[in-house]
Every structure is written in structure tokens, then in C-alpha cells.
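Everything numeric in this text was worked out from a predicted model, so none of it was measured. Counting starts at 1 for both ligands and their atoms, in listed order.
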Amino acid sequence: MGTHSCEIGVIGLGVMGRNLALNCAEHGFPVVVYNRTAEKTSEFIVRDAAGVALRAGYTLQEFTELLRKPRAVIMMVPAGPPVDSMIQELLLFLEAGDVLIDGGNSRPVDTDRRGKSLQEKGILYLGTGISGGEAGARFGPSIMPGGPQKAYERVQPVMEAIAARAEGAPCVSYLGQGSAGHYVKMVHNGIEYGLMQLIAETYDVMKRGLGLQAGELHHIYAQWNEGKTACYLLEITARIFSALDEKTGQPLINLILDAAGQKGSGMWTSQEALNLQIPTPTIDASVAMRNLSGLKKDRTAAAGVLGLAAPAFSGDRRRFIEQLRGAFYAGMLLTYTQGFALLYRASQVNTYRLRLAEVARIWRGGCIIRASLLNGIGTACRINPDLSNLLMDEQIAQALITHCDDLRAVVQSAAAMGIPAPAFMASLSYLDSYRSPWLPANLIQAQRDCFGAHTYERLDMPGTFHSKWQKDRD
Ligand code: 6PG
């Protein structure tokens, strides 16, 4: 392989970058890799790259000289300032027409800023969500590219070859202008937070409420990962409950600290939803619960003062576990509903022109939120490309209604046992609010007018009104 012979360049040899580079090379695309620390590059080439078309660039000059023009470079570096520094360094070597891809979890607003500034230099910037973790990057991720369409065309053959496949089709699709790709990935992660929290709540109810052990939970989650509740997150949950600690032989799950970290993409989803005034309460609750989990010290201290002696579960356990599964299905559907409603609105506001059926399709394989119910969601969005809320689709509404009682029963039981289930509760309240023609917001209007003369609207006549709410004092 000589100068200008590589099809694609990968910058950043963390686990995602390494695996993506190998995935590209094994699909027959000559790859050049670069990492800031040269030892990491040589280590990778020696250890993992034998027998595949992979070359190393030890300087950015060498790296860019090895790429065919117009160049295509994927950055797999941590989101935030490292992306900006890498762009600055690369600018010395890239030329107009080259394609630069950010494959990390960047915040959409950053992607828009970077895209605009690179456009002035003629560089085509593709903000691309890549989901599937280590295994996905290596054997087929779901890929969510956004930015100039011309840039996508340059890398389309590579992306289609390396992406996961669902029903034979690659899980990648050009999503739209600007930050469309990173926006879709951000919402993917928001949904991921919601689904993870819902599963965690079923675990809590079954562990503390029913006293089930890891082995039993393994079987239950494995069963749930069949049929209409099947999803990757249940698959790994079942796996987690069967893992034993090498040191102690105990179920590993019981030895893990109950405080979850986060890098921020779930929180950004909630923040975006608040900005666009689209309700995403299940996702919001899951972000709040990660924050509450982090307050381990406070929680431990508070238990001494506020500790709750909650009643144990007294009903039909078998039936309750079935209801939990039904409630999870409903919660799942409602989480996707909130995510898709946000995407619908963001697409209008940011003129992404998202095709939501395509979003559902490329989430069918490779990504963390892949689930069998995405088939029905995809169909609903295909039948009505202007579907602002999935609950307006008859089939989806029917599927949800079937498990509505389960959702309510689980919320009631969890509350009675003193077990927090805010994602279930938020999902149920979202549904009950969305299908209610009347909400008590008339009182909110009246209060705003009463204390701040903000005026109100009336049911019986058009216009805005203000009332004198307090009788004049004598
Ligand atoms: C994916 C994941 C991936 C990452 C999350 C974790 O789609 O492959 O979403 O991007 O694991 O960003 O996010 P938190 O650290 O915020 O949980």
C-alpha cells in the first residue's frame, strides 16, 4: 500500500476506534490509523492488525498522506474539548473536499458549531452517532450519520459494509443536515436511559419486593427476552444475573456498588426536550434516578432517620411477575414514544427532515436499544411519515392498551411496598395525561393570572382575559 492508498482513516485507538478500524479493514477497505501516543499505535498494529489492510500514521502528516483524496477520516476521540483540539490539529493537513467524521457522542450544538466553521474551509463534517459498544464497533454497529449529503456519499460504501444488518439491510442511513446524526444518537441514549431504568425498577421490585435471587432473575429476564418484549438490554440483563464473581463465587451483581455513572447524553436529551417543550418524563425520571443513585452517602445516612418498614408483597407472585413484564412492555413503548415525539419536533425546528421510519429501521440492529417492538414503530412511521406521536397510531395504541392495567398494578404495588418506581410512574402519568381531554391546567392559568396578571383563555369565548381575583379590602 503506497501513499494515498487508504480508503479511510481512524483517529483514536481506544476500544471503539480499534474495533471500528478492524471492522473496516476486514471488510476490504484499507485503513490507516493514528493515535496521539505512538506506542498505542504500534502496539495495536503488532498485536491486532496482522493479515488485514491496516497501516499506521505516526504523525498526522503521515496519516493524511496515506489517505486517498478526497480523504475520509473518522475521529473516535472522547466527546468535548478533545474533538475541538483534534480538528485544529487536522486542519493543517486536510484540504477542501475532504470528509471529517466525528464518531463520538458529541452534543448536537457542538456538532453544528464545528460543521459550520469547517464548511467555511470547504471541509465536509459528518456528525455520526455510532451505537453498539465494543462488540458493535467490531462486528456491526448501528450508524447514524448527519451533515452534508455529499460527505455521506463518500463514505457510504464503507458504512454500509461495516454496519449491523437487520433483515438483510445495513443499519445505517443518511439522516439529514447539520447535527441530525448526533441528535438522533442523543435521543437513542435518552431512550437507553429510560429502558435501563425501567429494567432496574423491575429488578428492585423482584429483589426487595419478592425476595428473588440472581439465579431466578436470570431465568425471568431470559424469558422476557422473547417475543414482543425481546430487546438487547434484557438479553444482557439476563446474562448479568448469571455471572459469578471470580474472587468470591457469589453473583457478581450483588457485589456492585449501587451508584450509576453517566456521561451526559441522557441529561442532554431531557434538556433538549425541555427546550422544545416536548414531554419526556420517563427519560427525565431515569436521569434523576442516576443522580439519586449517586447520593449513596446521603441515602445511607437518611435510611437511619427516615427508614421505611414497608409491607411485603402479599398477592399472587406468578401473576405479578407476568404483570411486571406487561408493565415493562408498556413502559418501553412509552419511552420510545417520548423519544420519537422529541425527534419529530426537533426535525421541524432544526429542519433535519428526519425520516422516522428510517430511524426505527437502523435501530433494529447493532445498537443498544434494538428491540423487536421497533418493527411496529417502523411500520407506524412508514404508514404515516408525519406521525407526531406514536400513540396516535391505532396498532401501537392497541398494543399499549393491552398492558395498561399491568402498568397501573405495578405502580400501585411498588408504591405500597415503598419501592421507588419513578420510570413506571412517569410512563403511566404520561399515558394518562396524553389521553385525557381535560387536565387541571385551568387552575394553573387562574393562579398565574391571580398572582401575576398573566391573563387566561376561556372555554366559552375567544380572547385573553384578566380578572380581579381579590375582593377590595374594606
Ligand atoms: C451506545 C451507548 C454508548 C455509551 C453511552 C453510555 O449506543 O453504544 O449509548 O454510546 O455506552 O454513551 O452513556 P452513559 O455513560 O451516559 O451511561
H188 NE2 to Y183 OH distance, which is reported to the nearest 0.5 Å: 15.5 Å
If I apply the N/O under 3.5 Å rule, does G132 come out as touching ligand 1? yes
Looking only at heavy atoms of G133, does any of them come nearer than 4.0 Å to an atom of ligand 1?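 Yes, that is the case, since the closest heavy atom of the residue is under 4.0 Å from the ligand.
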Does ligand 1 have any atom that is closer than 4.0 Å to a heavy atom of G264?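 Right, G264 reaches ligand 1.
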In terms of atom number and element, which parts of ligand 1 are under 4.0 angstrom from non-hydrogen atoms of [X]?
{"X": "I368", "answer": "1 (C), 2 (C), 7 (O), 8 (O)"}
{"X": "H188", "answer": "7 (O)"}
{"X": "N189", "answer": "5 (C), 7 (O), 9 (O), 10 (O), 12 (O)"}

Which residue owns the protein heavy atom closest to [atom], what's the atom, and how far is it?
{"atom": "atom 4 (C) of ligand 1", "value": "N105 ND2, 4.1 Å"}
{"atom": "atom 16 (O) of ligand 1", "value": "Y193 OH, 2.4 Å"}
{"atom": "atom 17 (O) of ligand 1", "value": "R290 NH1, 2.7 Å"}
{"atom": "atom 9 (O) of ligand 1", "value": "E192 OE1, 2.6 Å"}
{"atom": "atom 7 (O) of ligand 1", "value": "S131 OG, 2.5 Å"}

Quiz question: by atom type and distance under 3.5 Å, do the side chains of [X] and [Y] form a donor-acceptor pair?
{"X": "R353", "Y": "S347", "answer": "no"}
{"X": "S270", "Y": "D284", "answer": "yes"}
{"X": "D110", "Y": "S106", "answer": "no"}
{"X": "N105", "Y": "K263", "answer": "no"}
{"X": "Y221", "Y": "T202", "answer": "yes"}

Cation-pi check, R114 onto Y125 ring (under 6.0 Å, within 45° of axis): no
Exercise check, heavy-atom protein proximity under 4.0 Å to atom 11 (O) of ligand 1: no
Evaluate the ring planes of W363 and F340, with Trp represented by its six-membered ring, and classify them as parallel (under 30°), tilted (30 to 60°) or perpendicular (over 60°).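 Plane angle over 60°, so perpendicular.
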